Every structure is written in C-alpha cells, then in structure tokens.
Amino acid sequence: MFTIKLKHLFVVLLFLSNSAHSEDTLGKTKDEFMNDSRQICDSQWRKRGILNESMYAYCMNKKIENYKEISYLKPIADKDFSETAYPYCYDEWTKRGLSDTRMISYCLKNEIEGIKDVRYYYEKYDNSEVQRIVNTYMTRSGSWHFTAYMPALFTS
C-alpha cells in the first residue's frame, strides 16, 4: 500500500513539475485539468468511502496521457479544421465544470477523422452538394464526425 501511494505521489509530482501556471489555448491550465482529473478519478474509484488506490493511479496516468494527446492534437486541429473541433469537444466533455481529458482526446481524434472524410467527399462528389450537406449538419451538430457519418449523405 505504501508503494502505491509513492507511485501516485510520483505521478502527481511529475505532472505538476511540467505544469504551466498560466492558461494556455486549451481553455484551462494544466493544473486545472489535473484538478478535474483528480476529482473524476476519485469519483470513479472511491466505493463506500474507500479509494481503490491502484485504479486511481491508473486512472490518473491515463488522464495525463490524454492531456498530452490533447496538447499535441489541438494545434493540428486548429490549423487544419478552422478551430471548430476543439471547442466542440471541450464543451461536449466538460460537465459541471469538470473537463474529462480522456473523452476530449477521444472526441478530438474523431473530429479530425471526420474532417478528413469530409475532405475526401469534396474530392469524390459534387462540391456544391457536399457544401450544402456540411453547412446543414455542422449547423445542427457542430461536429465534423457526425457530419461525415450522417446516413446516406455521400452515396450516389
């Protein structure tokens, strides 16, 4: 048990040592994301008042990995996807003020794939028809992923 606590402390200290204290382009600071992750992992792995420390540590490690993925993917998404993918994912996966890095990362990967699919449709189908569909479904959903995978939109 003491070993688990030391591993947990090491993970937290390692993450905090790399944390910036100013808000960056992700909408929250690393410290704020870390605090959200602590609350989410504690909620997921505390049963009847007892924290499953090994699963909590695993959860925190995953949240840190996801934060790093978001930090890597967001500039790509902003550059290539008109700065719509990240705000959509951030808003979609911030509940009651807590941002879930695992789900934001997953969402951002899906959004990037969605826009790649839409770009492909522009190459394969009539541009004006694709544009009409994109305008309609981006307005409704705000998601490239959902826009790309609407049933029968791009078949002819």
Side-chain angles (χ1 to χ4, degrees), residues 8 11-12 14-46 52 54-156:
H8 175 266
V11 168
V12 171
L14 179 64
F15 185 80
L16 290 176
S17 69
N18 294 324
S19 294
H21 293 286
S22 61
E23 186 171 313
D24 56 34
T25 60
L26 298 180
K28 289 186 175 187
T29 66
K30 289 181 183 180
D31 290 340
E32 289 168 327
F33 274 111
M34 184 65 177
N35 186 51
D36 290 356
S37 295
R38 276 191 218 105
Q39 290 180 53
I40 291 168
C41 291
D42 186 84
S43 173
Q44 288 175 339
W45 296 107
R46 184 174 298 277
N52 181 331
S54 63
M55 290 308 295
Y56 176 85
Y58 176 79
C59 180
M60 288 299 296
N61 283 330
K62 288 297 181 185
K63 298 287 188 196
I64 292 166
E65 287 175 23
N66 295 137
Y67 177 82
K68 290 176 184 177
E69 285 178 351
I70 293 167
S71 297
Y72 171 76
L73 292 171
K74 184 185 180 295
I76 294 168
D78 285 351
K79 177 179 171 273
D80 294 337
F81 313 122
S82 306
E83 299 184 3
T84 59
Y86 181 78
Y88 169 80
C89 293
Y90 180 83
D91 291 344
E92 188 72 16
W93 293 105
T94 299
K95 308 291 183 204
R96 295 180 303 281
L98 297 178
S99 300
D100 189 334
T101 58
R102 180 176 68 94
M103 295 310 299
I104 293 171
S105 173
Y106 176 78
C107 177
L108 196 52
K109 289 174 194 174
N110 283 338
E111 288 298 292
I112 290 170
E113 287 303 309
I115 190 66
K116 287 178 182 178
D117 289 338
V118 169
R119 284 184 177 160
Y120 170 76
Y121 301 144
Y122 275 110
E123 293 172 10
K124 187 171 179 175
Y125 301 104
D126 176 54
N127 280 354
S128 61
E129 183 62 13
V130 173
Q131 188 61 50
R132 183 190 66 75
I133 292 168
V134 167
N135 288 344
T136 299
Y137 288 96
M138 281 300 291
T139 301
R140 288 182 188 173
S141 71
S143 168
W144 289 106
H145 176 73
F146 293 130
T147 298
Y149 295 102
M150 296 308 294
L153 291 181
F154 299 104
T155 58
S156 56

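Note that the structure is a prediction, hence the values are computed from the model and not measured.
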Going by heavy atoms in the side chains, are [X] and [Y] under 4.5 Å from each other?
X: Asn66; Y: Ile104; answer: no
X: Phe33; Y: Lys30; answer: no
X: Tyr88; Y: Phe146; answer: yes

Donor-acceptor side-chain pairing of [X] and [Y] below 3.5 angstrom:
X: Thr29; Y: Asp31; answer: no
X: Trp93; Y: Ser99; answer: no
X: Asn135; Y: Gln131; answer: yes

How long is the span from the [atom1] atom in [X] to the [atom2] atom in [Y], to the nearest 0.5 Å?
X: Lys74; Y: Ser105; atom1: NZ; atom2: OG; result: 14.0 Å
X: Ile115; Y: Asn110; atom1: CD1; atom2: CG; result: 13.5 Å
X: Leu98; Y: Ile40; atom1: CG; atom2: CD1; result: 5.0 Å
X: Arg102; Y: Ser37; atom1: CZ; atom2: OG; result: 11.0 Å
X: Leu108; Y: Tyr86; atom1: CG; atom2: OH; result: 8.0 Å
X: His145; Y: Lys109; atom1: NE2; atom2: NZ; result: 13.5 Å

What's the shortest heavy-atom distance between [X] and [Y], and which atoms?
X: Lys28; Y: Glu32; answer: CA-OE1, 3.2 Å
X: Ile133; Y: Thr147; answer: O-CG2, 4.5 Å
X: Ala148; Y: Tyr121; answer: O-OH, 3.3 Å
X: Gly27; Y: Tyr90; answer: O-OH, 3.9 Å

Mind running side-chain hydrogen bond (donor to acceptor under 3.5 Å, both in side chains) on Asn52 and Ser54 for me, showing each step along the way? CA-CA 6 Å; Asn52 181 331; Ser54 63; 3.1 Å; yes
Quick one: disulfide (SG to SG under 2.5 Å) pairs with a partner in residues 86-144, sequence neighbours left out?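 Of all non-adjacent pairs touching residues 86-144, those that pass disulfide (SG to SG under 2.5 Å) are Cys89-Cys107.
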Got a sec, which residues hit salt bridge (charged side-chain N to carboxylate O under 4.0 Å, His left out) with Lys62, two or more places apart in sequence or on another chain?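 Testing Lys62 for salt bridge (charged side-chain N to carboxylate O under 4.0 Å, His left out), a comparison that skips the adjacent residues, returns Glu65.
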Is any NZ, NE, NH1 or NH2 atom of the basic residue among Lys63 and Asp36 found under 4.0 Å from an Asp or Glu carboxylate oxygen of the other?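 Salt bridge flag = no for Asp36 with Lys63.
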When you look at OH of Tyr122, are more than 12 heavy atoms from neighbouring residues, nucleotides or ligands closer to it than 6.0 Å?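 Above 12, so yes.
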Is it true that, when you exclude Tyr106 itself, more than 12 heavy atoms of the residues, nucleotides or ligands shown sit nearer than 6.0 Å to its OH?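 No, OH of Tyr106 has 12 or fewer neighbouring heavy atoms, counting only those of other groups under 6.0 Å.
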Which is it for Asp117 and Trp144 under the side-chain contact (heavy atoms from CB on, under 4.5 Å) test, yes or no, and what are the steps along the way? CA-CA 9 Å; Asp117 289 338; Trp144 289 106; over 6 Å; no
Just jot down the side-chain hydrogen bond (donor to acceptor under 3.5 Å, both in side chains) partners of Arg46, sequence neighbours excluded, or say none.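 Residues passing side-chain hydrogen bond (donor to acceptor under 3.5 Å, both in side chains) with Arg46: Asp42.
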